[in-house]
Structure formats: structure tokens, C-alpha cells
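Scroll down for the structure; my scribbles are underneath it.
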There are 2 protein chains.
Amino acid sequence: MSEQHIPLYQMVKRHILDLIQNGEWQEGKRLPSENELVQDLSVSRMTVNRALRDLASEGHVQRISGSGTFVAEKKAQSHPLEIRNIAEEVRSRGHLHGCEVIGLEDVRAPADIAMRFDIPRQSRLYHSIIVHFESSKPIQFEERYVLPEFAPEYINADFTAITTYQYMMEQDAFEEVEQIVQAGMPDERVRSYLQMDAGEPCLILLRRTWVGGRVVTTSQLQHPASIFQFSSRNRY
Amino acid sequence: MSEQHIPLYQMVKRHILDLIQNGEWQEGKRLPSENELVQDLSVSRMTVNRALRDLASEGHVQRISGSGTFVAEKKAQSHPLEIRNIAEEVRSRGHLHGCEVIGLEDVRAPADIAMRFDIPRQSRLYHSIIVHFESSKPIQFEERYVLPEFAPEYINADFTAITTYQYMMEQDAFEEVEQIVQAGMPDERVRSYLQMDAGEPCLILLRRTWVGGRVVTTSQLQHPASIFQFSSRNRY
DNA sequence: AAGTGGTCTAGACCACATC
DNA sequence: ATGTGGTCTAGACCACTTG
């Protein structure tokens, strides 16, 4: 077999990350000092230093000179213009993705939704409501409408096994996407599903997706502001 | 004189970045090897190595083990969120843009701001607070810090006549921009300036802008959620 | 075979935090 | 006064690419 040689500093990183992600070292906890880690792990201080610097630049820990190294506060991140799969995003942070299907049914389009699809009121639409979890913490309340002609079997899909995003991608490639980012207060139902404190706002993403010149799906994604943000970094 | 102590590896980074940005080292050119730089700059190899690793992780160079270090190709990226001038945006909607300069002064960098600039605490920075209006309705609370070396006359500019955005653009083209979008509750001062109802959240945009490998300005833009959103529409 | 980056060490000095 | 992270050095071994 390949039996690669893994750099020491990466093993140190992994070791520390594991302890953080297992919850043994909670947010805000002070990590052992560099010198302590040198003793414990029998590596040189430069190696520990590099591992910790890496973890800091990746946002897992925060270092304060003269004071110590601390487990960082988690803030889920997402790229605004990229259409990403929430499950992949959670997993890319080394966390577990979970979800609960609150509702999945066939409905008549309410006026506001019909307008967003540009279809007559009372048209038939599929409607799904799903809550997504990152390591058993709710991070997204997803409410979606889908044009039945576009995805006839949507109503029968198992969205605990596949995300709505993946399912929609399998139907057809999107041609055009509109995205709107807002802040807002969740209603009582959403607040409860997301286990948010009263008075805490949501970061909201509204999407419309076109295929063949028709809106085929709209979604409203609500996230607790305290643990979710969009970020991007670009060269010009 | 302040005469800060700047880390050696940062001086090495700056030296190399200058050569790249002056065009002396074109895209794809191979840089001197680590050992050559050790000779030329009279520093240890570990210091050169760290500088080059940093530059690689920032995307300025590409390193190929066994082969060499090369100036990276610039890639055109589509903007996730466009950097727009608030005044132009308001005018494009056919409204009148107004603004009020709440504060414009010379300050010592607080710890959190110093960290965002990656400069020593207590360094001198310019600090401005401006409220923007759309047809006499407040829409943005702008708090900005600026590196004095980058814009020495910032403190004397008239920001009722020109936006901070325009002013910064006149100094130099930015090379890299980080943008973070959050939702949050405004503090009492901001709520009052923006004439917001109690309990109404803000849509917040945090920005950092790099020139010459240094953060030259950071800004926090807070907008009333009820009248402000980001939107985009793209073909795929 | 020679050169390159990738990693690792042991020891050092410093500025800053905290007690 | 002690401990912390931040930096720097001189030297070493390695795997890989190149001529």
C-alpha cells in the first residue's frame, strides 16, 4: 500500500481538531500552551507553532500573544454567489450534517408565491420544508416551492438521503439564478425550529432559479444570525 | 518616532510582492530559490520559507516541490457582491443621496481592529463614521478605518462632497477584497442614527481591502433590514 | 548528480499578558 | 516575575524534479 509519510505538524493539527470537534475542548477553552504541547506530543516547538498558526488561519482557534490559544467561536460560513450544497458545506468543516423533513406536499400556490413563479394563483406546486443541522445544531430553515412539471417525482423523494439541491441539480442544469440576501426576524415557528433566542435575527437568502425561461423553483433559506454568515474573498 | 519592529518574514514578503507588482517579475516567472534568497537577503532559510509559504497561501505565487517557485497567474473572478458606490446606487434609483459626517479623526487602533489590519495595537489609524441617506431617509451607517500611510490626507477630505469609496479608489486600485455579510441587531447609537424601530435587525457588510499585500481599509456597513437587501442575478 | 521545496529540531531573544 | 505566543537561526534529512 501507499503508506504515505504524513507531516508531523499535520498530525498535531488533526489531533487538536479532533479534540475540538469531539467537544472535549469547548468553545472559548484555552488550549495547552506551546510548551505543554511540546512535552505532551514530543515534537519541537516550531512544529507545534506551525500547527497552531495553521489552525488559527483556518479559523479554528484564536491566538492572543502573551495570553494563550483559545478554541474559536464557530460561525458557519457560506459563499453568497455560489450555489452550494448545505450538506457538503457542513461536511467540509468537518461536522456532521443532519436534516429533518418538516413537510413535503402538494399545494395550491398562494398569491405571493404565484407571483414569484409568474404563474396563475392556485396552480399546483410542490412545497417542502426542511431543517438542516450542523452537528445537531440547527443552522438552516429551508422552505422551497417546485414546479411539478420540472420535477414530477419531487414529492416522493427522500430528502434525508439527498438534499433538495442535489435533487434539483439532477433534473436539469440551471440557466439563471436570482439571489437576494436580507436580514429579518424569524416568525415564531421558524424561531422554534432553529432554537433561537427571542430577539435574534435571521440571515435570509431568497433564490429563484430559471430553466427554459420559466421559474422552476424558489427557496427561502433562513439562518440564525449568531452562527451564520456569508463570506467571500476575491482578487481583482 | 514610532519605529515599529516589523518581522523579517514580512519584509521578505513585501520585497517579493513589490517586485511582482512592479512587473519586474512577470506571471509564470520562476523566483530565485530559497537558498538564493537566503544569500541575497541575509536571512535564514526558515524565514524565507515562511515568507514564500505565506505568499503561496495568499495566491501570489505557486510552489512546486522539486521544481521551484513561480509567480502565479491572475485569474478573473466574477464578483460575488459588487463593490458599489452607495451614492451612485441611490442616484441610479432616481433618488437623492445625502450624507452626514458623524466623526472623522485620528485614533489608536483598538485590539480587534488592529487584528483585522494585522498591525500592532495602538498603531495610528484614521477613523470615520458617516451616515448615508436616500431621499432624506437613512439607509447606511458606515464606520471605516484607514491606514494613514495609504491615504495620508483622508483625515482632511470632505466626505459630503465625495464618498469614502470614491476617495479610496483614487488612491490606488484594490487588489483583494474580503466581504462578510451578517445579520445583527444594531446598538442603540446606530439604531438612533438610522431611525430604526426597536427590534428591527440590520443587514451588515464587513469589508477588508488589500493593496500591496497589506490591509489598507476596513469598513462596517449597517443597513436597516426593512429597506435594504443585496441582490444579484446571473446566467449560468 | 545536483537542485528544489517540505519538514523538523534545539535553542534563542523578544514583547506582551497576567498575576 | 512568570508564562505566553511571535519570531529567528543554523543545521539537518527527505522526496521529488531536472538535466
Legend entry - Minimum-distance nucleotide (side-chain atoms of B/Met46 versus D/dA10, C/dC16, C/dG6): D/dA10

Legend entry - Selected nucleotide, minimal atom distance to B/Glu34 side chain, candidates C/dG5, C/dC16, C/dT9: C/dG5

Inset, instruction - Give a yes or no on whether a salt bridge exists between A/Arg191 and A/Glu200, defined as a side-chain N under 4.0 angstrom from a carboxylate O. - result: no

Inset, instruction - From the options C/dT4, D/dG6, C/dT7, select the nucleotide whose nearest atom is closest to the side chain of B/Arg30. - result: C/dT4

Legend entry - B/Ser33 side chain near C/dT4 phosphate (N/O to OP1/OP2, under 4.0 Å): yes

Inset, instruction - Could you tell me the separation between the CG atom of B/Leu41 and the P atom of D/dA10, rounded to a whole number of Å? - result: 14 Å

Inset, instruction - Give a yes/no answer on whether the side chain of B/Ser67 brings an N or O atom under 4.0 Å of OP1 or OP2 in D/dC16. - result: no

Legend entry - Nearest-Å distance for atom pair CG/C1', residues B/Asp54 and C/dG5: 15 Å

Inset, instruction - Take atom CZ of B/Arg50 and atom C1' of C/dG5, then tell me their distance rounded to the nearest Å. - result: 17 Å

Inset, instruction - For this output row, return yes or no: ring centroids of A/Phe159 and A/Tyr167 closer than 6.0 angstrom. - result: yes

Inset, instruction - State whether the side chain of B/Arg124 and the backbone N or O of B/Pro148 hold a donor-acceptor pair below 3.5 Å, judged by distance alone. - result: no

Inset, instruction - Measure distances between side-chain N and O atoms of A/Arg45 and base N and O atoms of D/dG5, and say whether any donor-acceptor pair falls under 3.5 Å. - result: yes

Inset, instruction - Only stems of 3 or more consecutive Watson-Crick or G-U pairs count here, both distances under 3.5 Å; name the ones for DNA chain D, or none. - result: C:1-16 with D:3-18

Inset, instruction - Take the protein atom CG of A/Leu52 and the nucleotide atom P of D/dT7, then report the distance between them rounded to whole Å. - result: 13 Å

Legend entry - Salt bridge flag under 4.0 Å for residues A/Glu34 and A/Arg63: yes

Legend entry - First encountered from the 5' end of DNA chain C, between B/Glu36 and A/Val48: B/Glu36

Inset, instruction - Using a cut-off of strictly less than 4.0 Å, decide whether B/Ser44 has a side-chain nitrogen or oxygen near OP1 or OP2 of D/dT9. - result: yes

Inset, instruction - Identify whether the distance between the nearest side-chain nitrogen and carboxylate oxygen of B/Glu58 and B/Lys13 falls below 4.0 Å. - result: yes

Legend entry - A/Ile86 and A/His97, any side-chain heavy atoms less than 4.5 Å apart: yes

Inset, instruction - Before accepting this row, confirm whether a basic side-chain N of the pair B/Arg144/B/Glu142 lies closer than 4.0 Å to the acidic partner's carboxylate O. - result: yes

Inset, instruction - Write down the distance between OH (A/Tyr9) and P (C/dG5), rounded to a whole number of angstrom. - result: 16 Å

Inset, instruction - Check the distance between C/dG6's P and B/Gln62's CD and give it to me in whole angstrom. - result: 11 Å

Legend entry - Interatomic distance, B/Ile64 CD1 vs C/dG6 P [rounded to whole Å]: 10 Å

Legend entry - d(CG, A/Asn49; P, C/dA10) in whole Å: 15 Å

Legend entry - side-chain N/O B/Thr69 vs C/dG5 OP1/OP2, d < 4.0 Å: yes

